[in-house]
Amino acid sequence: FSVFVDPLINWFKSDVKTTKTSSAYLGINVGLCMDKYFAENYAITTGVSIGSYGGKLSHTYETSYSLPDTSVKVPANSAIKYKLQYITIPIGLKFTTKEIGYSRFYAHLGFSPQMNIKAMASNESSAVILDNDNIIKEMHFFNIGYFFGGGIMYSLGGNTAVIFGLTYTNGFVDITKNTKDRVTTNNVAVRVGIQFWKSIIMRIALSQINPIVGDFEYNFNKIIASIKKAKKDSVDLIVFPELAICGYPPLDLLEHEHFVKKCLEYVNKIANYCKDIAAIIGSPSVNQNKKGKPIYNSAFFIDDEKIVEIINKSLLPTYDIFDEYRYFEPSSDFKIINFKGKKIAITICEDLWDDPPLKYAFGRSNLYNLSPITELIKLSPDFIINIAASPFEYNKIEVKKQIFEKYAKQYKIPMFYVNQVGSNTDLIFDGGSMIVKPNGDIYDMLNFFDEDYKVFELSEIINSAYKNEIIKPAIERIH
């Protein structure tokens with residue numbers, strides 16, 4: 001719903017030459033608007049408002065006016081200034097675009113039934129006959145017109161946006177009881193308001209699985225089993241690790257076109273199971289540009305049985321056991337996902353490691369010239385998801401905690417981290433997926449060295465005072 005204050009310019013229109021209209025009236029309309037969406041970008045719009053309207057009329061003949069306790073006659077050609085007040089209950093359709101940066105554009109049209117609750121008049125001739133007198137007996141109670149207009153909704157973050165717009169309303173019902181003419185009202189209003197989106201309960205599942213490199217059918221079955229379980233748990237969004245389709249690290253298998261095609265084939269098979277649930281799944285994707293490496297390390301956002309968006313990894317590690325730049329093209333394109341009224345920033349493993357703690361005295365913390373999280377924060381996400389295939393290192397979990405806690409606290413935003421488990425080639429993956437609250441506290445963690453699955457409510461993570469202090473000592477995490 002939204003609340004608004006609409007400054008407006010109102011004028012009268014007559015259908016006969018014997019009744020002349022002149023001078024626009026500056027009024028104001030204040031109220032509440034409610035939108036009921038029946039599709040992603042389409043809504044039925046209604047509400048209630050109270051507004052002041054008016055204008056001037058003059059007749060070429062003498063006119064009688066009934067007042068509460070008497071009646072008066074106004075001479076011909078006397079200008080009469082009307083001040084009217086109506087309650088409006090509009091009904092119409094509203095169309096909104098998808099979010100473009102921080103903004104959405106909208107258009108609306110419909111009908112605006114009105115009820116007259118006040119009518120005052122004053123004549124402007126030398127002889128004062130009407131002096132802000134009550135003439136409600138001379139006015140029809142009911143008025144109706146059609147309206148159309150549009151504007152922009154600019155997000156302030158969270159569930160709030162500011163609205164600016166312009167609406168034209170054309171009345172087609174005679175507002176006065178004078179049988180010698182037909183007078184209608186018209187106005188142009190400037191919409192200034194605040195939009196409050198309904199707070200949506202979003203249930204998010206983290207699926208910490210153990211994929212096998214190159215065993216597509218095995219990995220597919222694991223992913224589908226988790227999706228089916230999540231549906232039973234009324235989950236809105238389920239998240240899987242980095243390159244979950246093919247397993248990590250696929251190494252030189254990525255240099256074979258048939259391997260990449262097989263990855264994409266299984267991504268599309270998984271999409272068929274994403275009805276009434278969305279999923280984020282890691283897989284290679286094809287670089288459509290003619291220059292650069294042929295593939296990206298990507299996160300596929302799937303919803304309504306189709307691939308909605310592909311987010312590509314920006315920071316490709318080449319230190320220690322990593323050699324991702326050998327295979328993948330780095331991305332410099334940053335975007336967010338709009339899903340169920342929330343804006344999601346998706347990152348892939350190293351994308352959050354642009355400023356890690358120093359390992360040794362001669363090392364550097366700023367390893368890259370680009371900071372994906374800095375770029376994504378400019379787009380005002382509601383929460384951040386990081387999918388990873390992060391190998392086990394003694395005490396590395398403490399470093400991960402520092403990174404996630406720092407960013408969550410710095411940007412006051414919840415973070416979801418999902419890691420894989422198991423072992424491939426000579427690497428061991430320890431899991432330990434976690435959820436971090438906007439204040440930097442750990443909300444919960446998944447098991448170490450075991451497949452795990454948990455469901456969380458976004459609002460609970462944001463609002464809960466709960467803090468998880470249970471992180472096993474390093475030696476227990478190994479054994």
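- For Y82 and F12, the gap between ring centers is short of 6.0 Å.
- Heavy atoms of other residues, nucleotides or ligands lying less than 6.0 angstrom from CD1 of I307 number more than 12.
- At least one donor-acceptor pair under 3.5 Å links the side chain of N419 to the backbone N or O of G431.
- T46 places a side-chain N or O within donor-acceptor distance of the main-chain N or O of P90, the cut-off being under 3.5 Å.
- Between the side chains of N77 and S58, not a single donor N or O lies within less than 3.5 Å of an accepting N or O.
- With contacts defined as side-chain heavy-atom distances shorter than 4.5 Å, the pair Q85/Y53 does not qualify.
- One finds a salt bridge joining K94 and D35 here, because a Lys/Arg side-chain nitrogen approaches an Asp/Glu carboxylate oxygen to under 4.0 Å.
- Between H108 and Y106, the two ring planes are perpendicular [angle over 60°; tilted spans 30° to 60°].
- Relative to the six-membered ring of Y296, K313 misses at least one condition, a distance below 6.0 Å or an angle of at most 45° to the axis.
- In the displayed structure, K231 atom NZ is contacted under 6.0 Å by more than 12 heavy atoms of other residues, nucleotides or ligands.
- Summarising the local packing, NZ of K412 is surrounded by 12 or fewer heavy atoms from other residues, nucleotides or ligands at distances under 6.0 Å.
- For the pair F456/V235, no side-chain contact is recorded, criterion being any heavy-atom separation below 4.5 Å from C-beta on.
- Counting only heavy atoms from C-beta outward, the side chains of I346 and E309 never approach each other to under 4.5 Å.
- The heavy-atom pair separating S433 from V418 by the smallest distance is OG-CA, 3.3 Å.
- Remark: side-chain polar atoms of S14 are paired, donor with acceptor, to backbone N or O of V16 under 3.5 angstrom.
- For the side-chain hydrogen bond (donor to acceptor under 3.5 Å, both in side chains) test, residues two or more places apart in sequence or in another chain that qualify with T19 are H59, D181.
- Annotation: side chain of I89 is in contact with side chain of M115 (closest heavy-atom distance under 4.5 Å).
- When only modelled atom types and interatomic distance are considered, K400 and Y417 share a side-chain donor-acceptor pair under 3.5 Å.
- A heavy-atom distance below 4.5 Å is found between the side chains of W11 and V188.
- Of all heavy-atom pairs between S207 and S226, the closest is OG-OG, 2.8 Å.
- Taking the charged nitrogens against the carboxylate oxygens, K454 and D444 do have a contact shorter than 4.0 Å, which makes a salt bridge.
- Although no hydrogens or angles enter the test, the distance criterion places a donor-acceptor pair under 3.5 Å between the side chain of Q208 and the main chain of N447.
- A 4.5 Å side-chain heavy-atom check between V30 and D6 finds every atom pair outside the cut-off.
- The shortest non-hydrogen separation linking D382 to I413 is O-CG1, 3.4 Å.
- Between the E305 side chain and the C274 main chain, no donor and acceptor come within less than 3.5 Å of each other.
- With hydrogens and angles ignored, the 3.5 Å screen pairs a side-chain donor or acceptor of S52 with a backbone N or O of I28.
- Between K180 and Y61, the shortest heavy-atom distance links the atoms CB-OH, 3.4 Å.
- Remark: side-chain polar atoms of R203 are paired, donor with acceptor, to backbone N or O of D233 under 3.5 angstrom.
- Between the side chain of K81 and the backbone N or O of N123, no donor-acceptor pair lies under 3.5 Å.
- A pairwise comparison of heavy atoms in M139 and A119 identifies CG-CB, 3.6 Å as the closest pair.
- Listed for the R182 side chain is a donor-acceptor partner under 3.5 Å among the backbone atoms of F172.
- Put simply, the side chain of L458 does not reach to within 4.5 Å of the side chain of D236, judged on heavy atoms.
- A cation-pi geometry, defined here as NZ or CZ lying under 6.0 Å from the six-membered ring centre and within 45° of its normal, does not hold between K342 and F383.
- Within a 6.0 Å sphere centred on NZ of K269, heavy atoms belonging to other residues, nucleotides or ligands number more than 12.
- For the pair L264 and V286, the minimum side-chain heavy-atom distance is below 4.5 Å.
- Partner of F148 under the ring-ring contact (aromatic ring centres under 6.0 Å, His included) criterion, out of F111, Y168, F95: Y168 alone.
- No donor-acceptor pair closer than 3.5 Å links the side chain of N132 to the backbone N or O of S122.
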